Amino acid sequence: MGLREVLTPFTVWKRVFDEPVTIKDPIGRPGADRYRGFHQNDMDKCIGCGTCETICQNAAIDMVPIEGVEPEKGDSGLRPQIDYGRCCWCALCVDVCMTGSLTMSNEYTWVDTDPDKFRFIPGIDGDWKDDVAGYEREGQRVLSGVERIHMEEMEPEARICNFDEIVAGYTREEAVLEADRCVECGLCVATCPAHMSIPDYIAAVRDQDYDRGLQLLYETNPFSEVCGRVCTHKCESSCAALHEGDPIAIRWLKRHIIDEVPFDRRIELIGQPVEPNGRKVAIIGAGPAGLTAAFDLARAGTSVVVYEALEHAGGMMRYGIPEYRLPYDALDRDIGVIQAMGVEIKTSCRVGRDVMMEDLQRENDAVVLAIGLHMGRSTRVPGTDGPGVEKAVDLLRRITDGEEVPVPEQLVVIGGGNVAMDIARSMARLQKAKYGEVGITLTALEDIDHFLADPEEVVESREEGVEIFDARGPQEVMRDASGAVTGLRTWRVKSIFDAEGRFAPAYDESDERVHAGTMVIEAIGQAADTSLLGEALTEALEWNRGRIRIDDAFRTSEPWLFAAGDAVKGPDVITAVADGHRVARTVMEEFSARQVMQ
Amino acid sequence: MRDIHARLKQRHHLGQFERQRPGLAFFTVPREYLRGLLLDLRDKEGFSHLVLLTAVDWMEEGLFQLTYMLNNRAEDVTFGIRVMLDRDEAEGDSIHDLWPTAETYQRELKEMFGINFPGSPRIDDEFILEGWTDLPPYRRDFDSLAYSQQTYAERPGRVTHDPREHMKQKLYPDGV
């Protein structure tokens, strides 16, 4: 120590009578307006995604259940609890917050003798809960991308004259960028009917590990070619990213994985089924529910035969969904993997005609009914009987089969669901090929904001020249003296349901329109064709409003018969897949129970 | 400001003039021209005040960026001068003889980023981290979370829940 160090302390004595620049009692002095003090959380805005917990570099945040906040679609019901013994006030949690619910007050003094008091749930605890001053993120979140990576699609002019697939699929570079936007919170998993491991397979895309991605897909869904294209993707409506930006393109990323794994490699990765267990199951209907059940049962060693009335397997995936949305070869690859598991599919084999229900019952340990909804319903307004009025499902089936269907220059479609859009857009393509022009009017009971069809279906239909009249109720199919259809008369819909919520449309009769057209296509819903059951079984089964009654596990009232898919539940492919898994599990549980009994 | 930049550009190999707002502009200079530039700015252009010296870790590019903020009090203008260093070598040139305060900044950069300034007084003395043995903590490859988990004890009684698992338990416990 030198002389300087010894003397320096004494030099401060010259300031002993100066006014101090420090504050004598700093307690109570407010922080700056943007000071990062104790956290605040808007409990209604917070969705419990836990991204704040994930980013915290001090492991200061726990996600905890809160009384009165229940998990629901898009909200885990959890809320962050912060350990102030660890928090370093860096505000990364605020910057990364997916909804902007998490902010900070400018309050920074808090004295307590109990260390556990400093473990704290913002939004519930703290006097600064509603303070306005403090730190919040300026502008939109930047730590994870806000905009969806654009998907290449055919322009309307290019696609309207053919049935080529519209959506191109992501390149690897695009897929990685899109996957990178996902924060892997997993809120989407509960919404997916099949509870697919969405965050895990998105992570596999990001890691470019397509083998792992494919294995994850097959754990919950043997129809990724299909669902990667036409899934109703409800998962995307509970994505954390949608609160400030576009939801992650979950459906396109699923399709990307399957695009990247060649057919043979898929079979290799899934592996062969376990040893045969000696059980036999017959499945009626080769749609998504029946084939998913077949896949699960076959992998568990059960011998499975699927009976399909139509010429090809696939059910509504083939005969309902047009080729421009789901090419047949993509569907064939999904079905091919299922067949590679040892599932035998007997096509053009109608139960009740080519094979009898009693025989299936006698020769199998269980029968699963997955017959779908293939009979179009009619509005039954005057004029629907007779030529010139068609059912959408019948026409779609005939187009798939390559049959010649009547294509008038001007036609009217009734319905606002996906089937209505499918038939309108299919007929538009045929009109374009035949006349060079599209002449389609579509009327629906719902107003445009409440259409049952996916929003992109409505947009694309309009792009392709389909003219949509919403909130119109059909009153009569107009015919001329010779009986030929000339158009559809409609009234404006005032309301669709009555006070008790029953279907009872009310019309404004003064607002009448006649939509010209020489064909009317009804696309207002379908029913199951249950004639295959035969009289005795129909009588024996319990029914529920025209549908076969099933319990939570998809058992009918007959111990050997199970039912799944659109015919008993609906409404989409992914739900049918989920049902297929469930019914397969029930059948296997049934087998185990019988084994115990024996 | 543009005129000063234009005047010194050739001699000191200055990079592009980037105006950020009135009275504040940035540019880059090669390491070997830094000292000459600082001397000219201090002694001929009135930039007598070193506001701060800090660094940015451009890990992916393999570079450290030093930023020298120099202020001309009379004119109320500030220059941000950037020098890019090789990240592996991580060594800059000390300017403690031009501004004595640089000594403190350089000690901080040595401790927080591991950037050495040979010849700078007390460069190896601890600055604020006592007994630090890990990677310098401002380097982006330093894993803050792993460090805090290893270093600080967990308060007993903490429980967290995974959103996905929690929703499964509450909404579809048997998996369907």
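All values reported here derive from a predicted model rather than from experimental measurement. Only heavy atoms go into these numbers, but all of them, side chains included; no hydrogens, no water, no symmetry mates. To find a chain, count down the sequence lines: A is the first, B the second, and so on, and within it residues start at 1.
If you look at B/Y147 and B/W132, their ring centroids are closer than 6.0 Å. Taking the centre of each ring, B/W99 and B/Y68 stay at or above the 6.0 Å mark.
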_Please evaluate residues A/F554 and A/H581 with respect to the criterion ring-ring contact (aromatic ring centres under 6.0 Å, His included), reporting the C-alpha separation (whole Å), side-chain torsions for both, the decisive distance (0.1 Å), and the verdict._
CA-CA 10 Å; A/F554 296 85; A/H581 287 309; over 10 Å; no

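Ranked by heavy-atom pairs under 4.5 Å with chain A, the list B/P156, B/S144, B/G175 is led by B/S144. Interface check for chain B: of the options A/A59, A/C49, A/C56, the most heavy-atom pairs under 4.5 Å are formed by A/A59. Counting heavy-atom pairs under 4.5 Å between each of A/D83, A/D75, A/D579, A/L78 and chain B puts A/L78 at the top. Per-residue heavy-atom pair counts under 4.5 Å with chain B were compared for A/C188, A/P115, A/A578, A/P193, and the maximum is reached by A/P115. Per-residue heavy-atom pair counts under 4.5 Å with chain B were compared for A/I61, A/D116, A/D552, and the maximum is reached by A/D116. Chain B forms more heavy-atom pairs under 4.5 Å with one residue of A/H195, A/R585, A/M63 than with any other, namely A/H195. Options A/G186, A/C185, A/P80, A/P65 differ in how many heavy-atom pairs under 4.5 Å they form with chain B, and the most are formed by A/P65.
Proximity to chain B is limited to the side chain of A/E53, based on heavy atoms less than 4.5 angstrom apart. Only the backbone of A/A60 comes within contact range of chain B, with heavy atoms under 4.5 Å apart. For B/Y172, the part sitting under 4.5 Å from any heavy atom of chain A is the side chain, from C-beta outward, and nothing else. Using a 4.5 Å cut-off between heavy atoms, B/E165 makes no contact with chain A at all. Interface residue A/S197: backbone and side-chain heavy atoms are both found under 4.5 Å from chain B.
Chain A is approached within less than 4.5 Å, heavy atom to heavy atom, by no residue from residues 31-54 of chain B.
Taking the side chain as every heavy atom from C-beta outward, A/Y218 and A/F223 never approach each other to under 4.5 Å. Taking the side chain as every heavy atom from C-beta outward, B/Q16 and B/F26 never approach each other to under 4.5 Å. Side-chain contact check for A/R582 versus B/D174: some heavy-atom pair is nearer than 4.5 Å. Looking at A/V189 and B/K168, their side chains never come closer than 4.5 Å, going by heavy atoms from C-beta outward. Annotation: side chain of B/M112 is in contact with side chain of B/P137 (closest heavy-atom distance under 4.5 Å).
Among residue pairs with one or both ends in residues 65-85 of chain B, those qualifying as salt bridge (Lys or Arg N to Asp or Glu O under 4.0 Å) are B/E18-B/R82; sequence neighbours excluded.
Without hydrogens or angle criteria, A/S76 side chain to A/G48 main chain gives a donor-acceptor distance under 3.5 Å. B/Q106 places no side-chain N or O within 3.5 Å of a backbone atom of B/I123 that could act as its donor or acceptor partner.
In this structure, A/H39 and A/Y84 have parallel ring planes: the angle between them is below the 30° cut-off, well short of the 60° mark.
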